[in-house]
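Everything below concerns the one structure shown next.
As the structure is a computational prediction, the values presented were derived from the model and not from experiment. Any value given below was found using the heavy atoms of this structure, including those in side chains, with hydrogens, waters and symmetry copies removed.
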Amino acid sequence: MFEAEEDMEVVGEAGTAEEAMARVPATQPDVAVLDVRLPGASGIEVCRDLRALLPDLNCLMLTSFADDDALFSAILAGASGYLLKQIRGPDLVSAVRRVAAGQSLIDPALTAGVLERLKGKQEDERIAKLSTQERRILDLIAEGKTNRQIGADMYLAEKTVKNYVSNMLAKMGFSRRTEAAVYATRTKAAPHPDY
């Protein structure tokens, strides 16, 4: 299909991740079309490794499944595009041209989930700043508990809880505990693995 196009030339093919890692640097293509699932390693790992070797390489990922995790990983690996294999031939040719021209191309059916995940990742940065104790206290605040009740639950003095709450609010950028409670409830803060 690609060779039928006057402005395209297939410079190499590979059936495994290992072959791709050898062929792509040797042939120096403008675009590497990679299957997300390759024998030997994922196409996403191959994309990341190839982009480390060839920063100007544009990688176009193809997959059979609308998988938010794979799309998210592909974007982080530096993929220029991510399409479902159900794409029609002429649309794939067009996609390769667009990626070669430096455009970013992600299947619109997959974009919403990734944007939500990126938004969630940014929000979780506030919670990531907290210590294990502060996360526990945040969870208890979200349950509507007072400092005295939190102290009883955690075997801490009420003044100690108050200090933890003050530090937690400062780290999260909030001035009132109700803001932290609403935030924790809205993001459904996952328990820290240490407790």
Crowded around [X] [atom1]? As in, over 12 foreign heavy atoms under 6.0 Å?
X	atom1	answer
R97	CZ	yes
D30	CG	no
E18	CD	no

* **side-chain hydrogen bond (donor to acceptor under 3.5 Å, both in side chains) partner of N147, the single match among R177, E158, K162, K159** =>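 Filter result, single survivor: R177.
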
Of the non-hydrogen atoms in [X] and [Y], which two are nearest, and what is the gap between them?
X	Y	answer
A74	Y82	CB-CD1, 3.7 Å
V99	S80	CG1-CB, 3.5 Å
Q86	S64	NE2-O, 3.9 Å
E19	T16	N-OG1, 3.1 Å
V46	A20	CG1-CB, 4.0 Å
L54	P25	CD1-CA, 4.0 Å

For residues [X] and [Y]: do they belong to one hydrophobic cluster (side chain heavy atoms under 4.5 Å, members Ile, Leu, Val, Met, Phe, Trp, Tyr)?
X	Y	answer
I87	V33	yes
L92	V10	yes
L53	M61	yes

Inter-residue atom distance [X].[atom1] - [Y].[atom2], 0.5 Å rounding:
X	Y	atom1	atom2	value
L156	Y164	CG	OH	6.5 Å
S166	N163	OG	CG	6.0 Å
M168	E134	CE	CD	7.5 Å
L138	K171	CG	NZ	12.0 Å
L34	S42	CG	OG	9.5 Å
R136	M154	CZ	CE	5.5 Å

Short question: side chain of [X], backbone of [Y] - any donor-acceptor pair under 3.5 Å?
X	Y	value
S94	P90	no
R37	T63	no
R23	A14	no

* Does a side-chain heavy-atom distance below 4.5 Å link D91 with L83? ->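 Answer no - side chains too far apart.
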
* Side chains of E179 and L169 in contact at under 4.5 Å (non-hydrogen atoms) ->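 No, every pair of side-chain atoms sits at 4.5 Å or beyond.
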
* To do: Please step through salt bridge (charged side-chain N to carboxylate O under 4.0 Å, His left out) for the pair K85 and D35, ending with a clear verdict.
  => CA-CA 9 Å; K85 285 184 184 176; D35 193 323; 2.5 Å; yes

